[in-house]
Amino acid sequence: QVQLVESGGGSVQAGGSLRLACAASDSPYSYDSFCIAWFRQAQGMEREGVARIDSDGRGKYAESVKGRFTVSIDNAKKTVFLVMTNLKPEDSATYYCAGAPWIAACAAGRQEYFTDWGQGTQVTVSS
């Protein structure tokens, strides 16, 4: 099982930026294909997908973050990044990274496809 550890959360004002990192305890996966996703869960809300990237470097985004968030992967550092710009108060949530050892998980991004989860990092955006 791969251990994923998020970092980079914090408190910012609206319009600010943060970069989250998701570090894998080992190579992302020992497979040729995988998907790493970012989910978030605000208090009292259901967890939702934010962005995901596959082993070919293809990213997908939720409509609410398109144009503001960028997901990238550094295979050498075994880390996936989520750069968040122009943050809004509604972006406040606990952000989780999750991994799946198959590239197809990135097609739909359903939570049940992901087998490994980090503990989460808090993002708070004030108005």
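Because only heavy atoms are used, hydrogens play no part in the values below, and waters and symmetry mates are left out as well, while side chains stay in. On a predicted model such as this, the values are computed, not experimentally measured, just so you know.
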Validation: residues 11-19 side-chain donor-acceptor distances under 3.5 Å, sequence neighbours left out:
none

Approximate separation, where rounding is to 0.5 Å, of S55 OG and I73 CD1: 7.5 Å
R68 backbone acceptor or donor facing T85 side chain under 3.5 Å: yes
Close side-chain approach of L20 and M84, heavy atoms under 4.5 Å: yes
Heavy-atom neighbours of E112 CD exceed 12 at 6.0 Å: yes
Donor-acceptor contact below 3.5 Å, side chain E6 vs main chain T121: no
Side chain to side chain, K60 and D54, heavy atoms closer than 4.5 Å: no
Nearest non-hydrogen partners of G59 and V71, listed with the distance: CA-CG1, 4.1 Å
From NZ (K88) to OG (S64), nearest 0.5 Å: 8.5 Å
Heavy-atom closest pair, residues T115 and W102: CG2-CH2, 3.9 Å
Within 6.0 angstrom of E90 CD, more than 12 heavy atoms from elsewhere: yes
Minimal non-hydrogen separation, C35 against R52, with atom names: SG-CB, 4.1 Å
Least distance between heavy atoms, P89 atom then S127 atom: CG-CB, 3.9 Å
Step-by-step side-chain contact (heavy atoms from CB on, under 4.5 Å) determination, L4 to C22: CA-CA 6 Å; L4 302 173; C22 173; 4.0 Å; yes
Residue pairs fulfilling ring pair (Phe, Tyr, Trp, His ring centres under 6.0 Å) with at least one residue in residues 107-127, sequence neighbours excluded: F39-F114, F39-W117
Contact list for residues 65-99, test ring pair (Phe, Tyr, Trp, His ring centres under 6.0 Å), sequence neighbours left out: none
Backbone of A93 reached by a side-chain donor or acceptor of R40 within 3.5 Å: no
Distance-minimising heavy-atom pair for A100 and A105: CB-CB, 3.5 Å
Pairwise distance CG(D91) to CG(N86) - rounded to 0.5 angstrom: 8.5 Å
Q111 and R47: CA distance, side-chain angles, deciding distance, side-chain contact (heavy atoms from CB on, under 4.5 Å) verdict: CA-CA 9 Å; Q111 296 184 43; R47 190 162 54 189; 2.8 Å; yes
From I53 atom CD1 to C97 atom SG, the distance as rounded to the nearest 0.5 Å: 13.0 Å
Backbone N/O of G120 and side chain of T94: donor-acceptor pair under 3.5 Å: no
